Structures are given as C-alpha cells and as structure tokens.
Amino acid sequence: MTVELTKDNWNAMVASDGIVLVDFWAAWCGPCRRFAPVFEAVAARNPDLVFGKVDTEAEQELAMAFRITSIPTLVAIRDGFVVFAQPGALSEAMLDDLVARVRALDMAEVRRHLTRQPAQG
C-alpha cells in the first residue's frame, strides 16, 4: 500500500526511524504512470516500509525542496536520512534490490560518515 505524501504529513512520515521510499511523480508523465504499478507491487511485498507518493504538481514545495527536475524520481530515506535519490523509473527487480540494500545499510556507519562531512553552504 502506498500513501500520498504532502507538506502537511511529510515530517510525521519521514522523520522517524524506519524506511520510506518516495516516488515523485505527475499525472501527465508517461514514465511515471508505467512506474506506478512497479512501485505498488514492491510496496505490497514490503508492508513494514512506508511507500509514499508525492504529486509534484500538487506539492511543488516538496518537489522544490528535493530539487526535483526530472520525474519520476525515487528517494529512499532511512531513519530520517536520504540514502538514495535518483531520477528514472526502475524495474521491479531493481526496486526490490534497492529495498534490500537500504534494509542492509549500517546506519551507525552512515551517521559517522555524515557527521564527518563538512557543512555545505
């Protein structure tokens, strides 16, 4: 099952621990419409994760905050950290692989890496 993400529910859905996969899409986008059933199928196999959809037309602030310039764009968030962001539709096998990789991340190492990075201004 997927949930519609908006600026009103964004923080509640992505700021906590856990994995959130976000599909930035638009109704007029052909590749987005072809990717939607893939996203839904993988979501059905992973009910413990949040699969969210952001309509870039309705939620322009969110799209701008993520600097979305091409759709569909898939973003993976784990424990409040963006760990993957890439434009383009993935195949079902590729999305399954991404889910497995995000699940396998050593978040202690990710946090150590992020805290060593110089601030970008």
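Since the structure is predicted, the reported quantities are computational estimates derived from the model, not experimental observations. Values below: all heavy atoms of this structure, side chains included; hydrogens, waters and symmetry mates excluded.
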[X] side chain vs [Y] backbone, donor-acceptor pair below 3.5 Å:
{"X": "Arg78", "Y": "Leu105", "result": "yes"}
{"X": "Asp17", "Y": "Asp79", "result": "no"}
{"X": "Asn46", "Y": "Ala43", "result": "no"}

Restricting to salt bridge (charged side-chain N to carboxylate O under 4.0 Å, His left out), what partner residues turn up for [X], sequence neighbours left out?
{"X": "Glu4", "value": "none"}
{"X": "Glu40", "value": "none"}
{"X": "Arg101", "value": "Asp97"}
{"X": "Asp48", "value": "Arg103"}

Rounded to the nearest 0.5 Å, what's the gap from [atom1] on [X] to [atom2] on [Y]? Could you check?
{"X": "Leu5", "Y": "Asp55", "atom1": "CG", "atom2": "CG", "result": "11.5 Å"}
{"X": "Asp23", "Y": "Ile71", "atom1": "CG", "atom2": "CD1", "result": "9.0 Å"}
{"X": "His113", "Y": "Glu109", "atom1": "NE2", "atom2": "CD", "result": "8.5 Å"}
{"X": "Arg45", "Y": "Leu95", "atom1": "CZ", "atom2": "CG", "result": "8.0 Å"}
{"X": "Ile19", "Y": "Leu49", "atom1": "CD1", "atom2": "CG", "result": "5.0 Å"}
{"X": "Phe35", "Y": "Leu90", "atom1": "CZ", "atom2": "CG", "result": "5.0 Å"}

Going by heavy atoms in the side chains, are Val22 and Val20 under 4.5 Å from each other?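 A side-chain contact under 4.5 Å exists here.
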Decide yes or no for Val102 and Val83: does some side-chain heavy atom of the first lie under 4.5 Å from some side-chain heavy atom of the second?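 They are in side-chain contact.
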Cluster question for you: counting only ILVMFWY and a side-chain heavy-atom cut-off of under 4.5 Å, with indirect links fine, are Ile77 and Trp25 together?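 Ile77 and Trp25: separate clusters.
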Starting from the C-alpha separation in whole Å, work towards a yes-or-no answer on salt bridge (Lys or Arg N to Asp or Glu O under 4.0 Å) for Lys53 and Glu59. CA-CA 10 Å; Lys53 296 180 75 60; Glu59 297 297 329; over 6 Å; no
Decide if atom CE of Met64 counts as having more than 12 heavy atoms of other residues, nucleotides or ligands within a radius under 6.0 Å.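 Incorrect, the count does not exceed 12.
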If every non-hydrogen atom of [X] is compared with every non-hydrogen atom of [Y], which pair is closest and at what distance?
{"X": "Ser91", "Y": "Val38", "value": "C-CG1, 3.9 Å"}
{"X": "Ala41", "Y": "Glu92", "value": "CB-OE2, 3.8 Å"}
{"X": "Glu57", "Y": "Trp28", "value": "OE2-NE1, 3.1 Å"}
{"X": "Pro72", "Y": "Cys32", "value": "N-SG, 3.5 Å"}

Sorted by first residue and then second, give each ring-ring contact (aromatic ring centres under 6.0 Å, His included) pair with at least one member in residues 79-110; sequence neighbours left out.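 Found none.
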Enumerate the ring-ring contact (aromatic ring centres under 6.0 Å, His included) contacts for residues 51-79, please, sequence neighbours excluded, ordered by first and then second residue.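 Checked against ring-ring contact (aromatic ring centres under 6.0 Å, His included) - neighbours excluded - the pairs reaching residues 51-79 are Trp10-Phe66, Phe24-Phe66, Phe39-Phe51.
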Run Leu21 and Val50 through side-chain contact (heavy atoms from CB on, under 4.5 Å) and show every step you take. CA-CA 6 Å; Leu21 284 102; Val50 174; over 6 Å; no
